[in-house]
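Got a structure here, written out as structure tokens. Questions coming.
Hydrogens, waters and symmetry mates are skipped; everything else that's a heavy atom, side chains included, is used. Proteins get letters first, then strands, A, B, ... in listed order; numbering begins at 1 in each.
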Number of protein chains: 2
Amino acid sequence: MAVKSIKDIARLSGFSVSTVSRVLNNTGRFSDQTRDKIIKIAKENHYSQNIIAKGMRKGSLAIIGILVPDITNAYYAAIVKKCEQYFFEKDYLTIVCNTERNAEIEEKYIAKLSNHIVDGLVVISTQRAISKNRADLPTVFIDRSPKLSNNTITASSDNYAGAVIAANHLVDRGCYPIMLTNKNNEFSSNKSRILGFTQTVKSRGINKPIIINSKTNSDEIYLVKDKIFKQIKKLLKEHQKLGIFAINDNVASYIYQAAIGEGIRVPEQLSIVGFDDTPVASKLQLTTIRQNTSEIARVSSTNLLKILKREDILEHKFTIPVSLVKRKTT
Amino acid sequence: MAVKSIKDIARLSGFSVSTVSRVLNNTGRFSDQTRDKIIKIAKENHYSQNIIAKGMRKGSLAIIGILVPDITNAYYAAIVKKCEQYFFEKDYLTIVCNTERNAEIEEKYIAKLSNHIVDGLVVISTQRAISKNRADLPTVFIDRSPKLSNNTITASSDNYAGAVIAANHLVDRGCYPIMLTNKNNEFSSNKSRILGFTQTVKSRGINKPIIINSKTNSDEIYLVKDKIFKQIKKLLKEHQKLGIFAINDNVASYIYQAAIGEGIRVPEQLSIVGFDDTPVASKLQLTTIRQNTSEIARVSSTNLLKILKREDILEHKFTIPVSLVKRKTT
DNA sequence: CAAAAATGCGGTAACGTTTGCGCAAACAGC
DNA sequence: GCTGTTTGCGCAAACGTTACCGCATTTTTG
């Protein structure tokens, strides 16, 4: 009961603290008898190592911090889960921070985590360049990276290729392609998707690609439903089949439901391709571009651990392939 | 640059470490001049407190651990996010652990966290009673709690009331009610829902309530689709309108999609009520029983912090009200 | 069998912080 | 101007570990 520290085990076993420490960490020299006796006593008394003290001595608690806009978002949740599990395999714990994409909250988390509490940081999709005073903390970025220096390490999906696949898929199925984006078009991932769409559509003979920008967040797109459908209905008169490439599954699923409500047949009149492949997409049977979240997480985690082990990392940009998941909306 | 510890600030300012510590923590006695000078130097040199050392001295790192089956599940994600945000408000960080409902993994996490790394634990829906050797760690439970002692603190939705609401809603709309559960019927939350359904249905004059147990996990229910629909179709011949109360939204949404595939009209022939109110339910326009995840998280977090502050907690069971969200499947 | 090497173990400093205690100087009261 | 109180600050111990170093004792070597 009263056993708290290595000192108690030392006292109970008759050995010194250094010997107990060596046995418990399996380092240095000690006899088999000594080991057995100390281990036995430690177990009997439910000794558990004080990680704080160890961390102080070693200068590390073996904890990783992960900054994520919102754990409730299925795409982020998938990444965070995989990272956490990967780190735990390697004996690291993970502190999760919901930043709400709010720069102020981000700064607060970073300030707190910088105080020697985490060994490194995984940063997903930050609003802006991260404050410089965390410059000492090893960091890997997911999706987007600040323009701090040219050796920041980033992993992201091949957004450009995803858009190319989506655009070609729509044109192949005889649709006149439209892209529907949200207000976050300054995000590099959105930029790449727009570029991929535009270039592909042009290469298929359409000179003026139509891109509708909702100018809202993905989950507030319902506010501009009427405006969007006015445009869609107008286009439907000019083209037999329309194909919407939505910036993500949330937007795609909303448009899908709304189209049905408007009496537009999917996919006969209107095909829809989303992006992400979240559970909603699979429940709604939405065709979408799948992001390989497991791979993004794996690459990021291993890179961070490599930095911590001071191993060299040759690449700095890691681009993860995406794939088309064909379902019932195309 | 080379400034690492309070010692450096002491050296640079000409004061002792104790004075610096007192100023930085705003405790004890010091003059205004001293304060200004020390603060200035600390800021100039970007001093940041070493939380590990502080933690060692104070015996706490101000970190909470949260054990959750799967952060990817929307219901759990909502709770975890709220808890994390609440703890951060109170200056605690949160370590998230995905246990996959696996007892072995749970034990590993608990063993690791027990080593003085967290101040307390939030445990969501554990598979079994938690290993006894963590008995020293303050813990609150969500959804279900092990039968360790009768003062374990638990917060959960009013599952019984939810089932009563769902059953009445279905009967009110002229449906012959059926309940569809998964294999986890030993879970107390499922038990309560089944009880609520059974008793309500009986009180409405149906003596032999029909409960179909898929005997699979929620996301593997597709394996027994044929069996389930055979039964549903048979019942459809005996009753004009059927109403399914599904154990959760995942099951409900699958049944919804499958029913449409089978050519059954929803809600004309078959009404469906889910449980949870996850994003999928709202996307699919599923009628469901909403769990108040914010409230569950708030109650649990405040209770844990109360325990840490050694405040008395009068109740041990916290039951959070649920509500009917009527959408298009009823 | 002497010298050299290996083994087993303990003493102790250090990690960076907080905090009780004590002491000198300044200030207050009468 | 003497006593009593307050103020400002430093010393040093302590939190629980780890790891360097050193010292017997034992084992190996030639």
Side-chain angles (χ1 to χ4, degrees), chain A residues 1-39 41-42 45-63 91 112-119 136, chain B residues 1-39 41-42 45-63 91 112-119 136:
Chain A
M1 287 300 129
V3 174
K4 301 175 69 181
S5 78
I6 217 172
K7 256 182 216 163
D8 300 304
I9 305 302
R11 186 170 38 77
L12 290 171
S13 66
F15 291 99
S16 71
V17 282
S18 20
T19 301
V20 174
S21 172
R22 262 171 298 159
V23 166
L24 261 25
N25 289 292
N26 199 27
T27 60
R29 298 186 298 232
F30 48 82
S31 74
D32 288 355
Q33 287 177 28
T34 309
R35 173 171 41 73
D36 294 346
K37 184 167 184 188
I38 290 179
I39 298 261
I41 293 184
N45 295 82
H46 303 108
Y47 167 75
S48 92
Q49 189 188 46
N50 186 321
I51 295 205
I52 309 182
K54 177 183 183 169
M56 160 124 120
R57 176 71 220 226
K58 295 258 194 180
S60 151
L61 286 172
I63 304 183
D91 264 321
K112 183 128 200 182
L113 294 176
S114 294
N115 296 357
H116 308 87
I117 216 167
V118 295
D119 293 7
D136 44 349
Chain B
M1 290 301 130
V3 174
K4 302 175 68 183
S5 80
I6 217 173
K7 255 181 216 163
D8 300 305
I9 306 300
R11 186 170 37 77
L12 290 170
S13 66
F15 291 98
S16 70
V17 283
S18 26
T19 302
V20 174
S21 172
R22 269 183 310 236
V23 167
L24 262 25
N25 289 292
N26 198 26
T27 60
R29 298 186 299 232
F30 46 83
S31 74
D32 288 357
Q33 288 176 24
T34 310
R35 174 170 41 73
D36 294 347
K37 186 167 180 188
I38 289 179
I39 298 262
I41 293 183
N45 294 83
H46 304 107
Y47 167 74
S48 93
Q49 190 188 46
N50 186 322
I51 295 203
I52 308 183
K54 178 184 184 170
M56 159 122 121
R57 176 70 220 220
K58 296 256 193 181
S60 149
L61 286 171
I63 303 182
D91 263 320
K112 183 128 197 178
L113 295 175
S114 295
N115 295 356
H116 307 88
I117 217 168
V118 296
D119 293 8
D136 43 350

Query - Phosphate contact (dG8(C) OP1 or OP2) by T19(A) side-chain N/O below 4.0 Å - result: no
Query raised in the report: Does T27(A) offer a backbone N or O that forms a donor-acceptor pair with the side chain of N25(A) under 3.5 Å?
Result: no
Query - T34(A) vs dC9(C): side-chain N/O to OP1/OP2 distance below 4.0 Å - result: yes
Query - Side-chain heavy atoms of S60(B) within contact of K54(B), under 4.5 Å - result: no
**Report entry** Main-chain N/O of S18(A) paired to R22(A) side chain as donor or acceptor, under 3.5 Å
**Finding:** yes
Query raised in the report: Between dG10(D) atom P and I9(B) atom CD1, what is the distance in whole Å?
Result: 15 Å
Query raised in the report: So, is K58(B) close to the dT19(C) phosphate, meaning a side-chain N or O under 4.0 Å from OP1 or OP2?
Result: yes
Query raised in the report: When the distance from CG of N26(B) to P of dG8(D) is rounded to whole Å, what number comes out?
Result: 13 Å
Requested in this report: Check if the side chain of R57(B) and the base of dA14(D) share a donor-acceptor pair of N or O atoms closer than 3.5 Å.
Outcome: yes
Requested in this report: Would you mind telling me which residue lines up with the more 5' stretch of DNA chain D, N50(A) or F15(B), judged by nearest nucleotide?
Outcome: F15(B)
**Report entry** Any N/O donor-acceptor pair, S18(A) side-chain to dG11(C) base, under 3.5 Å
**Finding:** yes
Report summary line: Testing dC15(D), dG8(C), dT18(C) for proximity to the side chain of K7(A), the answer is dC15(D)
Query raised in the report: Less than 3.5 Å between a donor and an acceptor, one on the side chain of S16(B) and one on the base of dC9(D), is that the case here?
Result: no
**Report entry** Side chains of D119(B) and I63(B) in contact at under 4.5 Å (non-hydrogen atoms)
**Finding:** no
Query raised in the report: Rounding to a whole Å, what distance do you find between N115(A):CG and dG16(C):C1'?
Result: 12 Å
**Report entry** dT18(C) OP1/OP2 closer than 4.0 Å to side-chain N/O of Q49(B)
**Finding:** yes
Requested in this report: Using the side-chain contact (heavy atoms from CB on, under 4.5 Å) rule, take L61(B) and L61(A) through it: C-alpha gap first, then chi angles, then the decisive distance, then the call.
Outcome: CA-CA 11 Å; L61(B) 286 171; L61(A) 286 172; 3.8 Å; yes
Query raised in the report: How close or far is atom C1' of dC15(D) from atom NE2 of H116(B), stated in whole angstroms?
Result: 11 Å
Query raised in the report: Quick one: I117(A) CD1 to dT17(C) P, roughly how many Å, whole number?
Result: 13 Å
Query - Between C1' of dG16(C) and CD1 of I51(B), the distance in whole Å - result: 13 Å
Query raised in the report: Starting at NZ of K54(A) and ending at C1' of dC15(D), how long is that distance when rounded to a whole Å?
Result: 17 Å
Query raised in the report: Quick one: which of dC9(C), dG8(D), dG16(D) gets closest to the side chain of R29(A)?
Result: dC9(C)
**Report entry** Y47(B) side chain near dT17(C) phosphate (N/O to OP1/OP2, under 4.0 Å)
**Finding:** yes
Requested in this report: Would you indicate, yes or no, if dC9(C) has its OP1 or OP2 atom less than 4.0 angstrom from a side-chain nitrogen or oxygen of S31(A)?
Outcome: yes
Report task. Take atom CG of L61(B) and atom P of dC15(D), then tell me their distance rounded to the nearest Å. Result -> 17 Å
Query raised in the report: With a 3.5 Å cut-off and just heavy-atom distances, do the side chain of R22(A) and the base of dG8(C) make a donor-acceptor pair?
Result: no
